[in-house]
Amino acid sequence: QTNFLIPMTFLIFLYEQKRKERILMLEQWIKENANMKDRGSVAVINDDVWILPPRCFSNMPGLKKVILPYNLRKIGAFSFAGCRSLEVIDIPRQVVLIDDGAFYGCCSLKAINIPDNVVGIGSMAFAGTDLNTITLPKSVRYIDDGAFADCPRINQISLPENLYDIPYEKQRMIFVSNPDAIFRCD
């Protein structure tokens with residue numbers, strides 16, 4: 001029996017190649033599907049986009065405003081993660097899912113509207129933002145752990161009464177670092 005050992009340096013090389021390919025694919029996606037304005041501080045997504053792919057705008061520190069298309073259905077995982085200057089984003093009415101970490105670390109994001117069609121909010125979706133008050137629509141059926149973690153300014157949240165699997169312990173897990181948030185069910 002022969003053992004084939006792959007040197008660690010080769011594995012690291014392969015990983016870096018894949019990472020570079022992913023970055024190039026996302027840069028190409030942005031070129032084809034978004035119009036960047038005002039020196040990259042404003043992104044206008046094309047009207048024919050229905051799903052934002054994971055990490056499509058992540059770690060763009062100069063991005064301040066995003067205009068999403070009316071027909072958008074899903075905001076992909078970590079789509080805007082690390083966009084520290086992002087202040088303005090209006091989530092279209094058609095969105096049904098805000099995926100894991102979608103706005104993670106958007107520390108300038110002070111307010112967000114969550115439209116009436118949103119059914120799910122992923123883990124860490126709004127973690128590390130500067131949100132203050134949150135009102136979740138009745139359409140929301142699940143909120144994953146840590147969805148609003150590390151949001152020290154949150155002082156009030158209204159949870160819909162029809163959330164699935166939301167015992168008291170899980171309510172606390174949504175916030176992780178802010179156990180003093182006021183819970184109110186509509």
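The basis for the numbers below is simple: all heavy atoms, side chains too, and nothing from hydrogens, waters or symmetry mates.
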Chi angles and distances behind the side-chain contact (heavy atoms from CB on, under 4.5 Å) call for Ile121, Tyr142: CA-CA 6 Å; Ile121 298 174; Tyr142 71 91; over 6 Å; no
Nearest heavy-atom neighbours spanning [X] and [Y]:
| X | Y | answer |
| --- | --- | --- |
| Pro53 | Ser79 | O-OG, 3.3 Å |
| Pro115 | Pro92 | CG-O, 3.2 Å |
| Cys83 | Leu63 | SG-CD2, 4.1 Å |
| Ala34 | Ile45 | CB-CD1, 4.0 Å |
| Leu86 | Lys64 | CD1-O, 3.5 Å |
| Gly76 | Asp99 | C-CB, 3.6 Å |

In the structure I gave you, are the side-chain heavy atoms of [X] and [Y] within less than 4.5 Å of one another anywhere?
| X | Y | result |
| --- | --- | --- |
| Val118 | Val96 | no |
| Ile134 | Phe148 | yes |
| Leu109 | Phe80 | no |

Are [X] and [Y] joined in one hydrophobic group, where the rule is that I, L, V, M, F, W and Y side chains link up if heavy atoms are under 4.5 Å apart?
| X | Y | answer |
| --- | --- | --- |
| Ile114 | Phe103 | yes |
| Leu97 | Ile51 | no |
| Ile154 | Leu136 | yes |
| Ile143 | Ile112 | yes |
| Met36 | Leu72 | yes |

Spacing of [atom1] belonging to [X] relative to [atom2] belonging to [Y], to within rounding of 0.5 Å:
| X | Y | atom1 | atom2 | answer |
| --- | --- | --- | --- | --- |
| Ile75 | Cys56 | CD1 | SG | 9.5 Å |
| Cys107 | Arg153 | SG | CZ | 12.5 Å |
| Ile89 | Lys65 | CD1 | NZ | 11.0 Å |

Between the side chain of [X] and the main-chain N/O of [Y], is any donor-acceptor distance below 3.5 Å?
| X | Y | value |
| --- | --- | --- |
| Ser123 | Asp145 | yes |
| Ser58 | Gly82 | no |
| Asp144 | Met124 | no |

Distance-only donor-acceptor check, side chains Asp47 and Asn71, under 3.5 Å: no
Aromatic plane relationship, Phe78 with Tyr104 - under 30° parallel, 30 to 60° tilted, over 60° perpendicular: perpendicular
Evaluation steps, side-chain contact (heavy atoms from CB on, under 4.5 Å), between Gln94 and Tyr70: CA-CA 7 Å; Gln94 306 300 327; Tyr70 174 79; 3.0 Å; yes
Heavy atoms of other groups near Arg84 CZ, more than 12 under 6.0 Å: no
More than 12 heavy atoms of other groups within 6.0 Å of Lys37 NZ: no
Option from Leu52, Val44, Asp90, Val49 for which side-chain contact (heavy atoms from CB on, under 4.5 Å) with Leu68 holds: Leu52
